Amino acid sequence: MHAPDHILLVEDEDNIAIAVELLLVRAGYHVTRVATGCQALPNVRALIPALVILDVTLPEMSGYEICQQLRRDPDLGRTPVMIMSARTSPAEQRKAMAMGADVFLAKPFATADLITAVHRLSKGTNP
């Protein structure tokens, strides 16, 4: 059973993580943040979050690799995933989707875009 208002944020840049966490907490979500790729999957298993938000460029393991591993796991494969990146080329966006992301959010992003996507994904209403 997943926690309907719990989000796992995997972001190594403190300034971005603090801003995203603040926005999500204000929107009524509980946020757990980890800063390295290798911390992501154990935390997904432990928390069963409603959504995982992944940065692409992380220490130890990329957001793409984490997303791909999530999608291959029979217990975690349906967990919604948002990938955030400053790499915003169409090729990067296609790669994120090919790895199994539900949403690609380009940095910098509008607050409303983040909250809308998080709400939609965490409630299971992704088109």
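Position 1 is the first residue of the sequence; numbering continues from there. The shown structure was predicted, so the numbers you read here are calculated from the model rather than taken from an experiment.
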- Task: Take V103 and L121 through the side chain to side chain contact (heavy atoms under 4.5 Å, CB included) test and state the conclusion after the steps.
- Result: CA-CA 8 Å; V103 169; L121 289 171; 3.7 Å; yes

- prompt: Any donor and acceptor pair, going by atom type alone, linking the side chain of Y64 with main-chain N or O of I83 inside 3.5 Å?
  reply: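 Flag not set: sc Y64 to bb I83 has no pair under 3.5 Å.
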
So which heavy atom on [X] is nearest to which on [Y], and how close?
{"X": "V20", "Y": "L114", "value": "CG1-CD2, 4.2 Å"}
{"X": "A35", "Y": "P59", "value": "O-CD, 3.5 Å"}
{"X": "F104", "Y": "M97", "value": "N-SD, 4.3 Å"}
{"X": "L58", "Y": "G63", "value": "CD1-N, 4.0 Å"}
{"X": "A101", "Y": "C67", "value": "N-SG, 3.4 Å"}
{"X": "A106", "Y": "T88", "value": "CB-CG2, 3.3 Å"}

Residues passing the side chain to side chain donor-acceptor pair (under 3.5 Å) test with R71, sequence neighbours excluded, are D102

List for me each residue that meets side chain to side chain donor-acceptor pair (under 3.5 Å) alongside E21, sequence neighbours excluded, and say none if there are none.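 Not a single residue meets the side chain to side chain donor-acceptor pair (under 3.5 Å) criterion with E21.
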
Mind jotting down which residue pairs meet the side chain to side chain donor-acceptor pair (under 3.5 Å) criterion with at least one end in residues 27-36? Sequence neighbours excluded, please.
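Residue pairs passing side chain to side chain donor-acceptor pair (under 3.5 Å), neighbours aside: D5-H30, H6-T32, D14-R33, Y29-H119, Y29-S122, T36-Q39, T36-E60.
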
| said: Considering only residues two or more places apart or on different chains, which pairs with a residue in residues 104-113 satisfy side chain to side chain donor-acceptor pair (under 3.5 Å)? | reply: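 Listed once each, the pairs are E11-K107, D55-K107.
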
inquiry  = D75: which residues meet the salt bridge (charged side-chain N to carboxylate O under 4.0 Å, His left out) condition with it, sequence neighbours left out?
reply    =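 Expected list: none.
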
Residues at least two apart in sequence or cross-chain that pass salt bridge (charged side-chain N to carboxylate O under 4.0 Å, His left out) with R87, listed by chain then number, are none

Could you check V118, L54, V52, L9 and say which one makes a side-chain contact (heavy atoms from CB on, under 4.5 Å) with M82?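 Exactly one candidate clears the test, V118.
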
In Å, rounded to the nearest 0.5 Å, how long is the span from [atom1] of [X] to [atom2] of [Y]?
{"X": "M99", "Y": "L70", "atom1": "CE", "atom2": "CG", "result": "13.0 Å"}
{"X": "L24", "Y": "I53", "atom1": "CG", "atom2": "CD1", "result": "5.0 Å"}
{"X": "I66", "Y": "L8", "atom1": "CD1", "atom2": "CG", "result": "9.0 Å"}
{"X": "Q93", "Y": "S85", "atom1": "CD", "atom2": "OG", "result": "9.0 Å"}

Problem - Side-chain touch L76/I48, heavy atoms, less than 4.5 angstrom - result: yes

So P49 and V44, do their side chains get closer than 4.5 Å, heavy atoms only?
yes

With hydrophobic residues grouped by side-chain heavy-atom distances under 4.5 Å, do L22 and V10 end up in a single group?
-> no

Practice problem: State yes or no: do I115 and F109 share one hydrophobic cluster built from I, L, V, M, F, W and Y residues joined by side-chain heavy-atom distances below 4.5 Å, directly or via other members? | Solution: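 Yes; F109 is reachable from I115 via cluster members.
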
